[in-house]
Amino acid sequence: TLFRSRLANIHSFLELSQIALTNNSVFWLHTDPISQRNGSIQEKVKSLVDTLKNASLNMNVTLQEVEQSQPLPPSSFQRFLKEQNISGVVVADHKTAFQNRYYQKIGRA
């Protein structure tokens with residue numbers, strides 16, 4: 001299909017998801033454990049993670065990886081993975097569970 005042929009032109013996927021600067025400014029790098037069973041995907045993911053970590057050294061943020069076995073949080077990246085294994089990282093401000101005390105509170109008294 002047309003969608004698959006275009007995926008072949010994508011090297012890696014980077015998604016910024018649910019990011020809010022907090023006092024500790026720690027962001028978590030989520031990767032897909034299933035697609036990384038493929039050695040070449042795993043190498044590309046490692047390279048992407050290393051690049052992101054190196055880029056963050058001169059910033060006021062810390063990037064940390066979640067455990068390899070942890071599944072991805074809900075993200076657009078999952079839609080791409082349903083079509084084809086592709087390297088990618090989802091950056092979020094939470095390690096295991098989305099937390100935002102203001103989420104779904106707009107308009108509530």
Side-chain angles (χ1 to χ4, degrees):
T1 67
L2 182 61
F3 187 63
R4 287 182 189 215
S5 65
R6 288 185 180 167
L7 276 178
N9 296 323
I10 298 174
H11 180 273
S12 297
F13 194 96
L14 175 62
E15 182 170 345
L16 304 178
S17 174
Q18 302 170 344
I19 293 181
L21 286 175
T22 59
N23 291 338
N24 59 5
S25 295
V26 174
F27 294 123
W28 295 92
L29 304 176
H30 298 264
T31 58
D32 178 50
I34 296 170
S35 64
Q36 289 191 71
R37 292 178 186 160
N38 177 310
S40 67
I41 298 291
Q42 186 177 37
E43 287 177 27
K44 290 177 184 176
V45 170
K46 182 182 178 337
S47 176
L48 182 56
V49 167
D50 290 345
T51 299
L52 290 169
K53 284 183 169 184
N54 287 335
S56 74
L57 293 176
N58 296 325
M59 299 179 184
N60 249 354
V61 296
T62 302
L63 298 179
Q64 295 183 3
E65 294 177 74
V66 299
E67 291 79 24
Q68 181 92 18
S69 61
Q70 182 175 318
L72 281 171
S75 61
S76 299
F77 182 40
Q78 291 173 329
R79 176 66 180 101
F80 287 84
L81 288 170
K82 285 182 181 180
E83 295 296 322
Q84 177 179 319
N85 277 348
I86 183 173
S87 61
V89 174
V90 176
V91 183
D93 62 2
H94 59 277
K95 182 177 181 180
T96 55
F98 174 63
Q99 295 179 359
N100 183 334
R101 62 184 172 155
Y102 302 110
Y103 183 68
Q104 294 186 341
K105 294 210 182 214
I106 296 175
R108 293 184 184 177

Problem - Stepwise side chain to side chain contact (heavy atoms under 4.5 Å, CB included) check, Leu29 with Val66 - result: CA-CA 6 Å; Leu29 304 176; Val66 299; over 6 Å; no

Exercise for the section: Output, in order, the C-alpha distance, side-chain angles, deciding distance and verdict of side chain to side chain contact (heavy atoms under 4.5 Å, CB included) for Lys46 and Glu65. Expected result: CA-CA 11 Å; Lys46 182 182 178 337; Glu65 294 177 74; over 6 Å; no

Problem - Name of the residue among Gln68, Glu43, Lys44 meeting side-chain contact (heavy atoms from CB on, under 4.5 Å) with Gln36 - result: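 That would be Gln68.
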
Exercise for the section: Would you check if the side chain of Glu15 reaches a backbone N or O of Ser76 as a donor-acceptor pair within less than 3.5 Å? Expected result: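 At least one qualifying donor-acceptor pair exists.
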
Can you give me the closest heavy-atom contact between [X] and [Y], atom names plus distance?
X	Y	answer
Ser69	Pro33	O-CG, 4.0 Å
Trp28	His30	O-CD2, 3.5 Å
Gly88	Val45	N-CG2, 3.8 Å

Would a 4.5 Å heavy-atom cut-off, applied to side chains only, mark [X] and [Y] as touching?
X	Y	result
Ser17	Val90	yes
Val89	Phe77	no
Asn54	Leu57	yes

Hey, what do you get for [atom1] ([X]) to [atom2] ([Y]), rounding to the nearest 0.5 Å?
X	Y	atom1	atom2	result
Ser35	Ile41	OG	CD1	6.0 Å
Thr62	Phe27	OG1	CZ	9.5 Å
Ile10	Ser87	CD1	OG	10.0 Å
Thr31	Glu67	OG1	CD	10.5 Å
Ile34	Leu81	CD1	CG	8.5 Å

